[in-house]
Enquirer: 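One structure coming up, written as structure tokens, with questions to follow.
Positions are given from 1, in the same order as the sequence printed here. In listed order, ligands and their atoms are each counted from 1.
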Amino acid sequence: MKNICLLGATGSIGEQTLEVIKAHGDQFRLTAMTFGKNAEKAAEIIETFKPQYVAVGDEHTYETFKQYSFSHSFQTGIGEEALIEAAVIPEADIVVNALVGSVGLLPTLKAIEHKKTIALANKETLVTAGHIVKEHAKKYHVPILPVDSEHSAIFQALQGENPKHIKRLIVTASGGSFRDRTRKELEGVTVEEALNHPNWSMGAKITIDSATMMNKGLEVIEAHWLFDLPYDQIDVLLHKESIIHSMVEFHDRSVIAQLGTPDMRVPIQYALSYPDRLPFEEAKSLDLWEIGQLNFAQADFERFRCLQFAYESGKIGGTMPTVLNAANEEAVAAFLAGKITFLGIEDIIEKALERHQVILKPSLQEIREVDKEARKFAQTLLT
Ligand code: NAD
Ligand code: MG
């Protein structure tokens with residue numbers, strides 16, 4: 001039995017993680033969970049899974065939450081401190097980080113210090129402070145298992161392989177909601193259109209990130225840290241069907257790909273069951289005959305400027321990706337709130353990057369300061 005702490009239980013990855021836990025009740029138990037604002041959904045989860053610890057996002061949400069009654073008793077906490085309390089709960093073996101944004105960083109570091117295996121969906125953690133997370137994981141001998149489908153695919157393709165034989169990673173990208181539009185056609189697109197992803201149903205932030213292709217940019221940086229490879233060995237390939245989840249090319253020109261119907265429960269389950277595999281009756285079998293053909297295209301860095309920003313920031317390193325991520329989080333929130341246009345997102349990121357004086361080997365404190373400062377600057381561009 002593996003005991004699981006789930007950070008961000010009410011989100012898209014959170015919900016799908018719970019489905020995996022439910023499908024394998026004899027293998028996995030939900031020990032602790034956190035949620036941000038959705039008290040009603042959290043209450044349902046708590047009744048079904050009976051965790052010992054629940055962290056609530058903020059005081060205001062707690063006021064709503066405490067009006068629910070439950071058939072078992074459990075401990076609660078509130079705010080960022082409680083996120084950490086959940087992440088280090090002694091009973092948990094695995095911490096699934098399904099939070100969105102760099103708020104996921106501290107709980108991850110603390111969980112590592114407490115020797116929890118990390119199943120990481122929260123890519124912003126690696127983008128904002130990849131070197132610190134990696135050093136921490138190494139120091140405490142803690143595995144970081146990818147949940148993101150592309151990274152799970154690469155991780156699976158690398159089983160039994162010596163990483164020194166890798167020539168390059170090929171990270172596939174669906175292209176998001178606007179993949180068939182020109183730059184001109186991106187002017188004036190609405191939030192509703194941007195949220196309509198053709199292949200995946202996900203949280204709002206990552207859906208917008210997919211439409212700008214920042215998601216792929218963040219994933220390239222995530223891959224750099226997870227697989228310890230320089231950026232010139234990480235390529236992006238457009239593949240609109242999202243059937244090949246990513247590939248690894250080796251020096252002998254052999255390429256190993258991982259395929260499957262787009263279903264996040266598959267990589268989530270792999271992270272939870274690793275190194276074992278479990279059956280998954282609920283997921284749809286891949287039927288290539290039915291799909292008929294798979295398409296590929298080159299990623300256009302002029303059309304998708306966020307992808308360009310991500311590669312550039314990643315190559316510079318230090319606090320540059322911290323700024324990339326913070327400015328992006330603020331810009332996406334502003335777009336979702338109707339304050340800026342879709343193309344306004346990349347303008348904000350570009351300006352934030354341009355003015356930033358990079359710190360090359362930042363401490364955690366410096367990262368937190370740079371993150372705050374970049375958000376403040378992004379906010380000034382909204383008015
Ligand atoms: P989501 O918005 O659906 O869920 C986020 C969860 O985090 C919610 O439970 C929310 O309450 C919680 N949360 C957010 N801010 C918080 C805060 N300040 N304090 C406490 N809790 C907070 O997001 P998602 O789509 O599930 O994505 C989660 C992460 O996984 C992201 O980093 C995303 O990039 C990554 N990811 C998601 C998918 C997907 O299919 N949804 C696929 C690959 C990777
Ligand atoms: Mg992904």
Enquirer: Mind checking whether I206 contacts ligand 1 via backbone (N, CA, C, O), side chain (CB onward), both or neither, at a 4.0 Å heavy-atom cut-off?
Expert: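 The answer is the side chain.
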Enquirer: Are more than 12 heavy atoms, taken from residues, nucleotides or ligands other than Q159, located less than 6.0 Å from that residue's CD atom?
Expert: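 More than 12 within 6.0 Å, yes.
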Enquirer: Closer than 4.0 Å to some heavy atom of D148 - which atoms of ligand 1 meet that?
Expert: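 It comes down to these atoms of ligand 1: 43 (C), 44 (C).
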Enquirer: Going by the atom numbers of ligand 1, which of them fall below 4.0 Å from some non-hydrogen atom of A98?
Expert: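 Here the atoms of ligand 1 in question are 5 (C), 6 (C), 7 (O), 28 (C).
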Enquirer: Which residue holds the protein heavy atom closest to atom 14 (C) of ligand 1, what is that atom called, and what is the gap in Å?
Expert: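 Looking at atom 14 (C) of ligand 1, the protein heavy atom closest to it is V100 CG1, 3.7 Å.
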Enquirer: Checking side-chain hydrogen bond (donor to acceptor under 3.5 Å, both in side chains) against H197, which of S177, S242, S174 comes through?
Expert: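 Result for side-chain hydrogen bond (donor to acceptor under 3.5 Å, both in side chains) with H197: S174.
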Enquirer: How far is atom 38 (C) of ligand 1 from the closest protein heavy atom, and which atom is that?
Expert: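 The closest heavy atom on the protein side is I13 CD1, 3.4 Å.
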Enquirer: Check the orientation of Y231 and Y311. Use parallel for under 30°, tilted for 30 to 60°, and perpendicular for over 60°.
Expert: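 If you compare the ring of Y231 with that of Y311, the planes turn out perpendicular.
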Enquirer: Would you call the rings of Y62 and F65 parallel, tilted or perpendicular, taking 30° and 60° as the class edges?
Expert: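 Plane angle between 30° and 60°, so tilted.
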Enquirer: Looking at T10, which atoms of ligand 1 are within less than 4.0 Å of one of its heavy atoms?
Expert: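 This gives 8 (C), 9 (O), 11 (O) as the contact atoms.
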Enquirer: Counting non-hydrogen protein atoms only, what is the nearest one to atom 11 (O) of ligand 1? Give residue, atom name and distance.
Expert: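 Going atom by atom, the protein heavy atom closest to atom 11 (O) of ligand 1 ends up being G36 N, 2.8 Å.
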Enquirer: Report the nearest protein non-hydrogen atom to atom 18 (N) of ligand 1: residue, atom name, distance rounded to 0.1 Å.
Expert: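 For atom 18 (N) of ligand 1, the nearest protein heavy atom comes out as V103 CG2, 3.9 Å.
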Enquirer: In terms of residue, atom name and distance, what is the protein heavy atom nearest to atom 41 (N) of ligand 1?
Expert: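 Ranked first by proximity to atom 41 (N) of ligand 1 is S12 OG, 3.0 Å.
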Enquirer: Look at the aromatic rings of F70 and F74 and report parallel, tilted or perpendicular, splitting at 30° and 60°.
Expert: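 F70 vs F74 ring planes: perpendicular.
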Enquirer: For atom 13 (N) of ligand 1, what's the nearest protein heavy-atom neighbour? Residue, atom name and distance, please.
Expert: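 Looking at atom 13 (N) of ligand 1, the protein heavy atom closest to it is L99 CD2, 4.0 Å.
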Enquirer: Within a distance under 4.0 Å of any heavy atom of M264, pick out the atoms of ligand 1 and give their elements.
Expert: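 Those atoms are 40 (O), 42 (C), 43 (C).
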Enquirer: Just which atoms of ligand 1 are under 4.0 Å from any heavy atom in N122?
Expert: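 Heavy-atom distances to N122 below 4.0 Å select 32 (O).
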Enquirer: Between T48 and L30, does a side chain to side chain contact (heavy atoms under 4.5 Å, CB included) hold up when you go through it step by step?
Expert: CA-CA 10 Å; T48 312; L30 184 73; over 6 Å; no
Enquirer: With heavy atoms under 4.0 Å as the rule, classify the contact between M202 and ligand 1 as side chain, backbone, both or neither.
Expert: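 Both of them.
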Enquirer: Does T34, backbone or side chain, put an N or O under 3.5 Å from an N or O of ligand 1?
Expert: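 No: no nitrogen or oxygen of T34 is under 3.5 Å from one in ligand 1.
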Enquirer: Could you identify the single nearest non-hydrogen protein atom to atom 35 (C) of ligand 1 and state the distance to 0.1 Å?
Expert: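 Heavy-atom neighbour on the protein nearest atom 35 (C) of ligand 1: A121 O, 3.1 Å.
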Enquirer: Would you say CD of E185 has more than 12 non-hydrogen atoms from neighbouring residues, nucleotides or ligands within 6.0 angstrom?
Expert: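 Yes, the 6.0 Å shell around CD holds more than 12 heavy atoms from other groups.
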Enquirer: To 10 degrees, how wide is the angle OD1 (D148) to the Mg ion (ligand 2) to OE2 (E219)?
Expert: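 Here the angle at the metal atom is close to 100°, to 10°.
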Enquirer: Relative to the Mg ion (ligand 2), which of the N, O or S atoms in E150 is the closest?
Expert: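 That would be atom OE1.
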Enquirer: List every atom of ligand 1 that sits less than 4.0 Å from any heavy atom of G11, numbering the atoms from 1 in the order shown and giving each element.
Expert: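 That gives atoms 1 (P), 3 (O), 4 (O), 8 (C), 9 (O), 26 (O) of ligand 1.
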Enquirer: Between R29 and E91, does any NZ, NE, NH1 or NH2 come within less than 4.0 Å of an OD or OE carboxylate oxygen?
Expert: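 Here E91 does not pair with R29 in a salt bridge, since their nearest N and O are not under 4.0 Å apart.
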Enquirer: If we ignore hydrogens and angles and just use 3.5 Å, is the side chain of H131 paired with the main-chain N or O of P362 as donor and acceptor?
Expert: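 A pair under 3.5 Å: yes.
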Enquirer: Does K123 come within less than 4.0 Å of ligand 1, judged by its heavy atoms?
Expert: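 The answer is yes, since K123 has a heavy atom less than 4.0 Å from ligand 1.
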Enquirer: When you check the gap from the basic side-chain N to the acidic O, do E19 and K22 get nearer than 4.0 Å?
Expert: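 Judged by the 4.0 Å cut-off on N to carboxylate O distance, E19 and K22 do not form a salt bridge.
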Enquirer: Is the ring pair W200/H245 parallel, tilted or perpendicular, if the boundaries are 30 and 60 degrees?
Expert: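 It falls in the tilted class, 30° to 60°.
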Enquirer: Counting each atom of ligand 1 from 1 as listed, which ones have a heavy atom of E124 under 4.0 Å away?
Expert: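 So the answer, numbered in order with elements, is 31 (C), 32 (O).
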